[in-house]
2 protein chains.
Amino acid sequence: MSNLKEVAKKANVSITTVSRVINGSDKVNPKTSERVKKVMTMLDYQPNRVAQRLRTANGRSKLLGLIIPDIKNQFYSNIVRGIEDVAYGNDYAVILCNSDENPNKERFYLEVLKSESVDGIILPPILQFGEEIENIIKTGIPIICFDRKLGNKNVDTVVIDNEMGGYIATSHLIDKGHKQIAILTSSILFSSFSERQKGYERALKENGIEVDKRLIREGDPRSSDNAKLMTTKLINLDNPPTAIFATNNLMTLGAIEAINEQNLKIPEEISIIGFDDVSWAKAITPPLTVVKQPAYEMGLKAAELFFRKVEDKSSEPVEIVMEPSLIIRQSTASPPK
Amino acid sequence: MSNLKEVAKKANVSITTVSRVINGSDKVNPKTSERVKKVMTMLDYQPNRVAQRLRTANGRSKLLGLIIPDIKNQFYSNIVRGIEDVAYGNDYAVILCNSDENPNKERFYLEVLKSESVDGIILPPILQFGEEIENIIKTGIPIICFDRKLGNKNVDTVVIDNEMGGYIATSHLIDKGHKQIAILTSSILFSSFSERQKGYERALKENGIEVDKRLIREGDPRSSDNAKLMTTKLINLDNPPTAIFATNNLMTLGAIEAINEQNLKIPEEISIIGFDDVSWAKAITPPLTVVKQPAYEMGLKAAELFFRKVEDKSSEPVEIVMEPSLIIRQSTASPPK
DNA sequence: GTGAAAGCGCTAACAG
DNA sequence: CTGTTAGCGCTTTCAC
């Protein structure tokens, strides 16, 4: 791989001049610049980004760090696309890290990203990570949070209104006449799930329906098998729910599997509403009613916040709240008599 | 962020010694090493990977470059997981690049990866890229191909036996009694699809069924909408197919949507077999018969080849061919009378 | 408009 | 076992 020195030699200038040409300094004679550029293409020269980064203390690495909990979750892969599209448009590459919600992995990747001196990190925070993230912020690397909020920390954030999502879903079911509505949700560690649950409970209360603890099931949101198990148990309850609200797409999948396995007809015998408008939602029979999160758009916004921060480190952190929307298909109907 | 110098000062040793401790050299007095380590944790010191990389010409960046065509495709996200799991186990981070099968994007990412001096690149080659990849290989960066083959080039490769996949799928349909079997496939640019098609044609021929050009439809494999359109057209043919073989999961989705929209019953009125055992395949009704690609395992293998090459650059390239398998569910049955 | 020289943080001879 | 020193490829004063 050729370097500055070679180019300089071949173009009969100093390496400084070549550097100036690379960085588009205007203090270079157009003719010289022309000559240098020609040599650069001739030698197929590409500046060494590693060296560039080492030299310039807060130079741009043109690298965006992205930590996501689960690449296999369509919700996240949509977000990745949104971020990636904006990044590519800005000549940035994305270092994607799959954290699995595993604190050790997350810590490892955070270290890597820091020491790769990426220009910023986009991630969905976990509660336990106040400290690590605090440290990153101290180093001056911009942090953008998405999907979940980082407690009271003062960082750029894009979330959807999860409480509203839960409320919309539950209200829809109530409107259809359901009173026994189960929810498949996750531990309170993830703010997004607890907020969906909050919305669920508010909808029930506002409609004079008592919150029934038996119908609230918490499990690993990354495991459809777990959701399947929970659903099977729900179905076999003495006084089973007539509708199920699954708070993410993997749980929805598990719920549907369980319902099919128990030979219950959707929506005649049981209604189901999912979270996330996944690709297969409208292909299944009956098509799935869902609360749609604008995942791709969320990725877009997060990336935009990232570049805003990169441009101007002193910009005030903002919190963007996006609206979920209800997409009514045929998996929800009135409860059986 | 603290650096070698600070640590050295605080521990009363030279920076060399600190460096040795970092790199686990055995020529350090255990006591000194202990002291240095203590200072390192005290100062929360992390070696600067950028500087490390710059210094050591072919030192390890502990970065693995991964280019994939479409992160939203479950087949690829499964592969990513396989690769990521092995990488993490080896303390490597993955730079994930989404190429969209866009030559410009791919070129851009290849440049970035090269100039980030990643330790190797894993990618599914596109035909047009003989040259670019040739260049990379010349620089000594190991390349691992997956999913598709890179012409006659001499690189490590992991593929599945796509011809066999196409053959298995089609044979299954023929066994059920189908004679009018349509295939949703993609342009010959992608070797994987053309091979599946080859298997399809071989199965037909071996069973004395003539290949009917009308039933072979080519389209963008990343667009389920396109597949939906193609399927609709197939259904509305004068002499429509009694079974459809969709050669990837997005096309399968589109086909199912079209069939549902036309109110055809699966499998009574039309059979469908998909490629890739996606998460929702067994949740839909009827559950989908598919040819399963061992995607996750393919990622695992690709990553293993990567590390093998990183350990020993002179190792002879190998080609691993994995076997697809037929998973029979209820979306395929005998053709209507 | 251009160049010489210093140095980013680190590793690797080489010397002791 | 430990330290001194050169230099990876680049950007950035500071001179001219």
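Bear in mind the structure is a predicted one, so any value in this text is a computation, not a measurement. By convention in this document, chain letters (A, B, ...) are assigned in the order of the sequence lines, proteins followed by strands, and residues within each chain are numbered from 1.
In summary, the side chains of Ser115(A) and Asn48(B) do not present any donor paired with an acceptor at a separation below 3.5 Å, with no hydrogens or angles considered.
OP1 and OP2 of dC8(D) both lie 4.0 Å or more from every side-chain N or O belonging to Asn3(A). Within the structure, every side-chain polar atom (N or O) of Gln52(B) is placed at least 4.0 Å from both OP1 and OP2 of dC10(C). Contact annotation: Tyr45(A) does not reach the phosphate of dG9(D) (side-chain N/O to OP1 or OP2, under 4.0 Å).
Put simply, CG on Leu54(A) is 12 Å from P on dT11(C), counting in whole angstrom units. Protein atom CE of Met40(B) is 17 Å distant from nucleotide atom P of dG9(C), rounded to whole Å. In this structure, Arg53(A) places its CZ atom 14 Å from P of dC10(C), rounding to the nearest Å. Computed from coordinates, the Lys9(B) NZ to dG3(D) P distance equals 15 Å when rounded to whole Å. We find that CG of Asn23(B) is positioned 15 Å from P of dT2(D), with the value rounded to whole Å. Rounding to whole angstrom units, CG of residue Leu43(A) and P of dG9(D) are separated by 14 Å. Distance Lys62(B) NZ to dT11(C) P: 12 Å, rounded to the nearest Å. For Leu4(B) and dT5(D), the CG to P distance is 17 Å, given to the nearest whole Å.
In this structure, Tyr76(A) has no ring pair (Phe, Tyr, Trp, His ring centres under 6.0 Å) partners at least two apart in sequence or on a different chain. With sequence neighbours excluded, the residues satisfying salt bridge (Lys or Arg N to Asp or Glu O under 4.0 Å) with Glu319(B) are Lys149(B). Take Asp147(B) and apply the salt bridge (Lys or Arg N to Asp or Glu O under 4.0 Å) test, not counting sequence neighbours, and it matches no residue. For Glu6(A), the salt bridge (Lys or Arg N to Asp or Glu O under 4.0 Å) criterion is met by no residue, not counting sequence neighbours.
Below 30°, between 30° and 60°, or above 60°: for Tyr109(A) and Tyr88(B) the angle between ring planes is between 30° and 60°, a tilted geometry.
Contacts with DNA chain C (heavy atom under 4.0 Å) in residues 10-18 of chain A: Val13(A), Ser14(A), Thr16(A), Thr17(A), listed by number.
Nearest-nucleotide assignment on DNA chain C puts the 5′-proximal partner with Ser33(A), out of Ser33(A) and Arg49(B).
Of all nucleotides listed (dT2(D), dG9(D), dT2(C)), dT2(D) comes nearest to the side chain of Asn29(B).
For Arg20(A) against dG3(C), a side-chain N or O and a base N or O form a donor-acceptor pair under 3.5 Å.
Screening residues 69-98 of chain B for salt bridge (Lys or Arg N to Asp or Glu O under 4.0 Å), with sequence neighbours left out, gives Asp70(A)-Arg81(B), Arg81(A)-Asp70(B), Asp100(A)-Arg81(B), Lys105(A)-Glu84(B), Lys105(A)-Asp85(B), Arg81(B)-Asp85(B).
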